[in-house]
Amino acid sequence: MKMENDIFHKIFWWSSSDSDSGSGSGTHRKCCRPIEKIVPTTTGVLLIFLFLFVAGMCFSSGWIDSSILSGISYPKQNQETTSKTPTITQEFPLRCTIGNETQTCPRDYSTTNIVRLSNLTCPSYFKWIYEDLKSWRETGITKEMVEKANKTANFRLVILNGKVYVEKYRSSFQTRDKFTLWGILQLVRLYPGRLPDLELMFNCDDNPVGRSPNEGPPALFRYCADQWSKEIVFPDWSFWGWVETNIKPWNQLLDEIVEGNKRIKWKDRVPFAYWRGNPNVGRKDLMACRGSSENEWNTHLYVQDWRKESRGGFRQSNLAQQCTHRYKIYIEGWAWSVSEKYILACDSMTLFVMPRYYDFFTRGMVPLQHYWPITRDNKKCASLKFAVEWGNNHTDLAQKIGDTSSNFIRDELKMDYVYDYMFHVLNEYSKLLRFKPTVPPGAVELCSETMACSANGIMRKFMEDTMVKSPSDSSPCNIPPPYDPSTLEEFIEKKSNLTRQVQMWQHESQNINKTQ
Ligand SMILES: *[C@@H]1O[C@H](CO)[C@@H](O)[C@H](O)[C@H]1NC(C)=O
Ligand SMILES: *[C@@H]1O[C@H](CO)[C@@H](O)[C@H](O)[C@H]1NC(C)=O
Ligand SMILES: *[C@@H]1O[C@H](CO)[C@@H](O)[C@H](O)[C@H]1NC(C)=O
Ligand SMILES: *[C@@H]1O[C@H](CO)[C@@H](O)[C@H](O)[C@H]1NC(C)=O
Ligand SMILES: *[C@@H]1O[C@H](CO)[C@@H](O)[C@H](O)[C@H]1NC(C)=O
């Protein structure tokens with residue numbers, strides 16, 4: 001126990017002294033406060049993938065019309081969708097044409113407001129933007145490199161003089177592409193005239209795109225990547241809502257989870273590890289950890305049936321009501337899972353089955369600080385059992401880990417920073433372009449009006465709820481400088497040391513048990 005306290009002291013000391021890693025708002029200092037809020041989390045999202053496949057089979061087009069989900073009622077929303085309220089009030093309302101007139105994009109929205117320079121430093125995970133773009137630092141990105149990525153891209157995006165154009169190549173699963181484009185349009189509304197001209201390819205699939213070993217990485221944007229594929233990671237569609245699973249936009253849902261966390265104090269939560277999701281997307285071995293008796297592996301695992309959920313108004317899958325356990329399991333499916341942020345926001349200690357894929361914010365997190373690492377191998381069940389037992393023996397530390405992750409999600413992954421991340425990754429990317437972007441012949445201009453005015457039901461609702469109504473009165477946060485190679489190496493080594501530390505504790509504990 002003494003040894004453990006030393007290690008934790010070091011971890012938290014180390015994190016709070018990593019001064020370049022905090023946001024300007026002092027987030028890291030805040031992250032280490034003693035517990036003051038307790039939250040339950042939700043896991044249900046994993047089911048998504050299952051639903052996708054089921055949905056793909058049920059609806060021949062592969063798209064689920066939003067109308068099948070209409071009739072679901074939503075609580076009244078009273079928050080602004082963006083907290084960057086400008087001091088100079090200038091609103092960009094949605095201007096839908098009436099009757100049978102063709103919807104066009106308004107021409108008078110852009111603005112040359114003088115904005116205040118932000119005094120905030122972006123969270124440290126923004127540094128990975130440089131790592132993701134490293135492959136092209138020397139060569140730059142040529143038109144050919146971009147075009148080559150059209151083999152797998154769902155769409156090509158062009159931003160030219162502040163206007164957005166899209167050339168669609170193939171439909172994505174469900175509404176992923178639509179809500180990704182919607183998010184980019186809102187970014188343009190938040191920072192009008194600030195985004196540089198650029199041209200990029202975007203792939204909306206789960207799995208990284210294969211490539212031959214002697215090819216460089218494709219200049220392709222995706223929601224996740226792994227150390228071999230090295231695409232450029234970008235926030236996924238669920239930040240603006242996931243209509244097919246009734247998962248609300250992040251702004252709104254995060255508030256609900258934070259509120260929900262206050263309902264059950266950590267110590268009063270169920271002292272087991274909770275997971276709810278779809279095991280049929282590469283997670284079947286997790287189900288083996290259900291065990292035959294209730295506490296064989298200290299887990300409570302539930303299979304989510306998205307079809308049933310969809311018919312029943314998504315009562316079981318409400319993410320804001322899933323922070324009921326002290327421990328929550330995160331496990332990826334075919335690729336990263338959007339469930340990650342909802343799980344980490346719960347104030348519960350996350351048992352993080354070490355992932356192969358990363359999304360844009362995961363790499364900023366540290367074992368034993370933000371989560372408890374669980375090995376991906378066949379000893380998963382024993383590791384889960386040990387983690388729960390450890391947490392129940394060290395409740396203060398377990399609670400602190402839960403707190404740190406939910407503070408990280410609440411403070412550093414709030415929507416303001418999601419937009420700022422998008423801004424910076426696009427901005428840094430555009431600096432590498434070695435050609436002048438042009439509008440390809442097959443592209444159409446896109447704006448909030450052309451997307452939202454024809455939408456209805458839950459899709460329209462999510463779009464209206466997430467629409468940025470006025471430009472930000474300040475510039476994006478300031479991106480911290482890149483990691484120098486030795487600091488980065490040390491950071492990565494530190495993370496693997498901490499993971500190994502946990503394995504050693506488990507090993508020691510099992511040896512003691514054996515000798516008893
Ligand atoms: C639009 O609707 C009006 C009245 O319903 C009709 O007279 C007109 O021809 C329509 N225009 C187009 C372009 O369809
Ligand atoms: C940053 O600017 C805001 C608004 O102008 C101000 O309230 C805040 O104190 C400033 N923070 C720092 C660290 O200077
Ligand atoms: C992709 O790019 C190649 C080379 O520029 C071009 O020949 C091909 O037609 C493009 N494919 C699509 C679907 O646009
Ligand atoms: C938890 O505490 C019990 C009782 O002191 C002990 O037998 C067990 O080994 C501990 N387990 C862990 C993982 O710390
Ligand atoms: C990681 O562990 C090794 C071996 O115990 C140690 O030599 C090294 O200094 C550690 N690295 C960091 C960054 O803590």
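Indexing begins at 1, ligand by ligand and atom by atom, following the structure's order. Heavy atoms only: backbone and side chains are in, while hydrogens, waters and symmetry mates are out.
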- Ser509-ligand 4 polar pair, N/O distance under 3.5 Å: no
- Task: Determine the interplanar angle of the Phe202 and Phe155 rings, folded into 0 to 90°, and report it as parallel if under 30°, tilted if 30 to 60°, perpendicular if over 60°.
- Result: parallel
- Can you sort out which atoms of ligand 4 are near Phe386, meaning under 4.0 Å from one of its heavy atoms? 13 (C)
- Item | Salt bridge present between Arg410 and Asp347 (N-O < 4.0 angstrom) | no
- Task: Tell me which protein heavy atom sits closest to atom 4 (C) of ligand 3, plus the residue, atom name and distance to 0.1 Å.
- Result: Glu147 OE1, 4.3 Å
- Item | Test ring pair (Phe, Tyr, Trp, His ring centres under 6.0 Å) applied to Phe361 and Trp128, step by step | CA-CA 9 Å; Phe361 67 90; Trp128 289 95; over 10 Å; no
- Output yes when the distance from some N or O of ligand 5 to some N or O of Glu490 is under 3.5 Å, and no in every other case. no
- Query: When rounded to the nearest 0.5 angstrom, what is the spacing between CD in Gln186 and CE in Met463?
  - Reply: 8.5 Å
- Item | Under-4.0 Å heavy-atom contact between protein and atom 9 (O) of ligand 3 | no
- Query: To the nearest 0.1 Å, how far is atom 13 (C) of ligand 3 from its closest protein heavy atom, and which atom is that?
  - Reply: Tyr169 CD2, 3.8 Å
- Please report the shortest heavy-atom distance between Trp237 and Thr180, naming the atom on each side. CB-OG1, 3.8 Å
- What is the nearest protein non-hydrogen atom to atom 3 (C) of ligand 5, stated with its residue, atom name and distance? Asn497 ND2, 3.6 Å
- Decide whether an N or O pair under 3.5 Å exists between His394 and ligand 4. no
- Message: Within a 6.0 Å radius of atom CD on Glu445, are there more than 12 heavy atoms belonging to other residues, nucleotides or ligands?
- Response: yes
- For atom 11 (N) of ligand 3, find the nearest protein heavy atom and state the residue, atom name and distance (0.1 Å precision). Asn150 ND2, 2.8 Å
- Please say whether Glu493 places an N or O atom under 3.5 Å from an N or O atom belonging to ligand 5. yes
- Item | Lys341 charged N/C atom sitting above Phe239 aromatic ring, 6.0 Å / 45° | yes
- Query: Is any side-chain N of the basic residue among Lys385 and Glu296 closer than 4.0 Å to the acidic one's carboxylate O?
  - Reply: no
- Task: List every atom of ligand 4 that sits less than 4.0 Å from any heavy atom of Trp390, numbering the atoms from 1 in the order shown and giving each element.
- Result: 13 (C)
